[in-house]
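Throughout, protein chains are lettered first and strands after them, A, B, ... in sequence-line order, and every chain is numbered starting at 1.
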Amino acid sequence: MPLLPPLTVAVPLACAAFVAAFGSLIPRRAVTLTAIAAAVATTALQFAQLLQSLPRDLNHWFGGWTPQHHFALGILFTVDPIDGILACVAGVLVVASLTFSWWGLREVSHLYYALMLAFLGGMAGFAISADLFDIFVFFELMSVTGYGLCSFRQTSSSVMQGALNFAIINSIGAFFILMGIALVYGRTGALNLAQIGAALRGQHPDALVVVSFVFILVGFLTKAGAVPFHFWMSDAYAVAAAPVGALYAGIMSDLGYHAIARIYADGFAGSLGAVEPAVRDMLVGVGVATVVVGAVMCFIQADLKRQIAFLVICHGGIFLCGIGLLNPAGMAGSTLYVAADAMIKAAVFLTMGYIIVSLGTSDEFALRGRGRRRRHALAGVVFGLAGLGFAVVPGSGPWLSASLIQQAAVAAGFAWLPPVLAAGTAVTAAAVLRSGARIFLGWGADHDPLISSAQPDEPQEGEPQEEEGISIVSLAPAGVLLVAGFGMGFAPHLAGWATAAGRQFLDLPGYIHEVLGGQYPPPLRPGPAFHPGAGSWAYGAATAAGALALAAASLRWSASGLGQVVARLLGPPLRGVRAVHSGRVGDMATWMTVGAVALCAAGAIGFR
Amino acid sequence: MTPTATPMSRPAGAPASSGRAPARPGGRRLRVGVFAGAAGALGGFLLWALAGLPSFGDYHGTYGRLLNQVGVAQRHASNVVGAIVFDYRGFDTLGEEFILFSSVMGVAFILRGNLKIKDQAPLDPTTNDAMRVVGVLATPVVVLLGLWLAAYGYVTPGGGFQGGVAVAAAGALLWVSTTYRDYNRLTPARLFDAIEGFGAASYVIVGLVGLALDGAFLANFLPLGTSGSLASAGSIGLLNWAAALEVAAANLLLYREFFQEYIQTFPGVEKED
Amino acid sequence: MSFYPFVVAAVLFVAGLYGVVTSRNYVHLAVCLTVMQSSTYIVLLSIGYVHGGTAPIFKGPAKAPPVDPVVQSLTLTDVVVSVVVLALILALAIQAHKRAGTVDPDKMTDLHG
Amino acid sequence: MTAVQIVAFTAVMVLGVLVVLCREPLRQSLVNGVFGLSLVILFMVLQAPDVALSEIVVGTVAFPLVLLATIARTREKQRPE
């Protein structure tokens, strides 16, 4: 049996226990180094595991309980290249965040490091678990560490409000998942995904199958921040400290989408595979709604962290569309997009941490022109390049993966989808480019009627405020992440591998044979290297041009007469969208209920 | 504390300074109305799905039936639930231990302040000597009860979790019945941090030993013994005690944090901010 | 009548959610979450129950069919999760009270839009 | 279903709804204690002694301690400032 999968969880968790036990007795620097070393070791194990999983899946049965009489008695970890990539991303981001913390969080308790390592362990297990209840356990581990990490440096009531909303809404999501698991267990008498898939195979999707799938979907969509389950997210991200926010934005949310893909492909597809077009419509529908709401809300935020929070929501919608297309290219594109985008999102979040510590606020208007000093030039470069990366500029990692999704959409008969996704991408990128230009170049006005400003007297929550400032070296992790995110665009073979892996990921009968019968498919061979065609170049160029044009227009229009007209036209609907995001937990829970009912109804009509 | 001013001075409930979100007077009623409609539909869908389950009492799921058949023979643990918790699905329990562990870290992270309560003199609300005597005498009984619950987890109902919480309860009982002033001395946070970390880590280490010796994480590596006795069930015993240790320390630390908050409501105690 | 346990679970699920939506106090809200969670215990254990069954503890000769042990192990984890969630939300509520002077979710309006 | 089971399920349903409807935290924590007890009885009736034990220790120790401390702490009036 492969040894690496359990180690990628055991190492960070054991180190978290060690840090918690002895962290108060040893110097803080030593604690930080221990944590970084543990995260680096975990990441190395994850890369080794990814390489090992390329030819064929790694299956580790805990306790040695391999299936008896074709029945799974124990818990299974399955690593295929798709999961492997996501696990690696989690590891890399934790290393980057902890490295940033060396400079950025000098006064933090050792508990922070214990929680970060437990968070890593949670994400590592969540990405590769193949047992429905075990996925829930790691979901909870990830969430519980997240609630704790969200709320340190409690300087104001809004931090507590954001953390409370996060904890409450995610807990409700967890109960939905649990109810779905109970329903499925009652029907199939199994918890292993392949076993569930085998038991559901050929069953007509009845009320139980549909509702249990939707309940599980609701829980993971809540974690992932899909509309209308996303309301908690901007609050939690707005109050999280930069290194923690980098992890939330970079990978935690997107792991929720991955869990949906896995639970559908390895389990529910047994029954719902018969109505695949309806499932596709549902997932893509939620994805498109998420892209639209996320893009609009992103553009009208002046607070950098809230901007990125809605950017994460919008891009999450794109990933959901890629997964929801249910074909290999969509799966591959979505996974690579998550990886490349994660690097860039985390880079931006860490750079924001640097800006906030240096300049004391994260409000775009308050910061106007204050980044023009020479020592902030590097931060400006990172910010600008990240904006171009978000705009899928040709040659970048996001561009390659967006091209795959574009191809997948056309193949699935969703030719209208790529323009929608491109528009969402362009709007979010424009927001980042606009605020970057305002902060580091001093362009544009210091107010804009369309864009909501953070309260001027509000101090920066959740951020360390160190009087001696912060070393420029702290930007190094962000720079490395940015290079990695862009570099993924120069590996066309990666796309070929990922597409082949995506095909295997979606092959339920093959997976059932492999898990319950021990018969592995022939070793995975990479598909042909993916060379983006003229369409992809046009897609990337158009999106990037659109983003730059929109950013420029946004910086200019508040001064012009045309801007007044635009503001008057768009003002009322935007105020409406904004008012819906009331930040009240009762409203959020109501939206969740409405969303769950809508999905149940859609499933009841579409899947039967 | 950060050098910047915090907005605590804002009166409770006052709208945010920019006034961007004026309180909608009808907002709450609208919310409840929308929720009532949606919740009715949600309950309907849920009942519709639940109707697809085998009717109450007629369940024959494979997983549970199989484990009931083979559990005792394979694991020599007469309590099959114990065998599932610590072996067949022992990895879930590892996750569960770390959920508890992380929540204690999280609560401490949120609440742990710099205030030294022991330097102050909170008044003890328990002034009745008889009550104190009863409390002190009951403590060892509760500890024994907890240890007994933990020890026989794989033979009879109970186990590391239940026993651990009971042992922690004894600690809380001791604080309440003696004196709040001494709680710091009775449960030094550092010692209990170490015990908690040790318990959590030893669960992982038992798993790693299984990986090293038998090639599977959490694989059994001890002789199985006779089922129904304490010397049975192999490594389940070790995992059980690791869990008990972790749970007891974690709960004590949890109570300790909340006690500290409670003490601040006493007269004569300076509050931390 | 054999559907009754599931009705109880559905009622508690929706009732807990109702409590969360209408709550005026984070402490009350946290307890409502545990009520909502207890509906999952009830579904799990009701699924695994067998008419006339005994607990899955095998000492001496078996008399009656045992009930499903797996759901019991899942419920055990579930119970631990409920403690953890309650403790974390209450800790956050205490801090919220210190910072904002209120524990009413509808009165904390710093974050919106 | 036996009569005992019906009574146990009904008690859990009624008490659970009461917990939600009880808006005053201190009174709610008392009702919640009774609700926990009804769950313990239900678990015994459903032949789940392990879960019942878990619910006993949680319902009699962990929940009340944490809840009462929080209620005491959040009841205080707002600090004058």
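- Only the side chain of D:Gln5 comes within less than 4.5 Å of a heavy atom of chain C; its backbone N, CA, C and O stay farther away.
- C:Val67 touches chain D through its side chain: at least one heavy atom from C-beta onward sits under 4.5 Å away, while N, CA, C and O do not.
- For the atom pair D:Phe63 CZ and C:Thr34 OG1, the distance stands at 5.0 Å (nearest 0.5 Å).
- C:Leu29 does not touch chain D: none of its heavy atoms, backbone or side chain, sits under 4.5 Å away.
- Counting all heavy atoms, side chain and backbone alike, C:Ile57 lies closest to D:Pro49 at CD1-CG, 4.1 Å.
- A donor-acceptor contact under 3.5 angstrom links the side chains of C:Thr22 and D:Arg23, judged on distance only.
- Counting heavy atoms from C-beta outward, D:Glu55 and C:Tyr41 have side chains that approach closer than 4.5 Å.
- Using modelled atom types, one finds a donor on one side chain and an acceptor on the other under 3.5 Å when comparing C:Tyr4 with D:Thr10.
- D:Phe9 has its side chain within reach of C:Ile42: a pair of non-hydrogen atoms, C-beta onward, lies under 4.5 Å apart.
- Using a 4.5 Å cut-off on side-chain heavy atoms (C-beta onward), C:Val31 and D:Ser29 make no contact.
- For the atom pair CG of C:Asn25 and OG1 of D:Thr70, the computed distance is 10.5 Å after rounding to the nearest 0.5 Å.
- Residue C:Leu76 comes nearest to D:Asp50 through the heavy atom pair CD2-O, 3.8 Å, listed as atom of the first residue, atom of the second, then distance.
- Judged by distance alone, the side chain of D:Gln47 and the main-chain N or O of C:Gly52 form no donor-acceptor pair under 3.5 Å.
- Heavy-atom pairs under 4.5 Å with chain C peak, among D:Ile6, D:Val14, D:Thr2, at D:Ile6.
- Both the backbone and the side chain of D:Val12 come within contact range of chain C, each with at least one heavy atom under 4.5 Å from a heavy atom of that chain.
- Side-chain contact check for C:Tyr18 versus D:Val17: every heavy-atom pair is 4.5 Å or farther apart.
- Across C:Ala96, C:Ala30, C:Ser82, the residue that shares the most heavy-atom pairs under 4.5 angstrom with chain D is C:Ser82.
- The part of D:Leu39 that comes within reach of chain C is its side chain, from C-beta onward, which places non-hydrogen atoms under 4.5 angstrom from that chain.
- Once rounded to the nearest 0.5 Å, the distance linking OG1 of C:Thr75 with CG of D:Leu46 reads 9.5 Å.
- D:Leu15 does not touch chain C: none of its heavy atoms, backbone or side chain, sits under 4.5 Å away.
- Contacts between C:Val83 and chain D at a heavy-atom distance below 4.5 Å involve backbone atoms as well as side-chain atoms.
- Taking CG of D:Leu21 as the start and NE2 of C:His28 as the end, the distance is 7.5 Å to the nearest 0.5 Å.
- Chain D forms the most heavy-atom pairs under 4.5 Å with one residue out of C:Val35, C:Leu90, C:Thr54, and that residue is C:Leu90.
- Heavy-atom pairs under 4.5 Å with chain D peak, among C:Val20, C:Val27, C:Val71, C:Asp78, at C:Val27.
- A distance of 7.5 Å separates CG in D:Leu42 from CG in C:Leu45, rounded to the nearest 0.5 Å.
- The shortest distance between side-chain heavy atoms of D:Val20 and C:Ser23 does not fall below 4.5 Å.
- Here the OG1 atom belonging to D:Thr74 is positioned 12.0 Å from the CG atom belonging to C:Asp104, to the nearest 0.5 angstrom.
- Shortest non-hydrogen contact noted between D:Gln28 and C:Cys32 is NE2-SG, 4.2 Å.
- Only the side chain of D:Ala62 comes within contact range of chain C, with at least one heavy atom under 4.5 Å from a heavy atom of that chain.
- Residues D:Arg73 and C:Ile94 approach most closely at CG-CG2, 3.8 Å, considering heavy atoms.
- The residue among C:Pro5, C:Gly16, C:Ser73, C:Gly19 with the most heavy atom pairs within less than 4.5 Å of chain D is C:Pro5.
- With a 4.5 Å cut-off on non-hydrogen atoms, D:Val45 touches chain C through its backbone but not through its side chain.
- For a residue to count as touching a neighbouring chain, one of its non-hydrogen atoms must lie under 4.5 Å from one of that chain's; by this rule D:Leu67 touches chain C with backbone and side chain alike.
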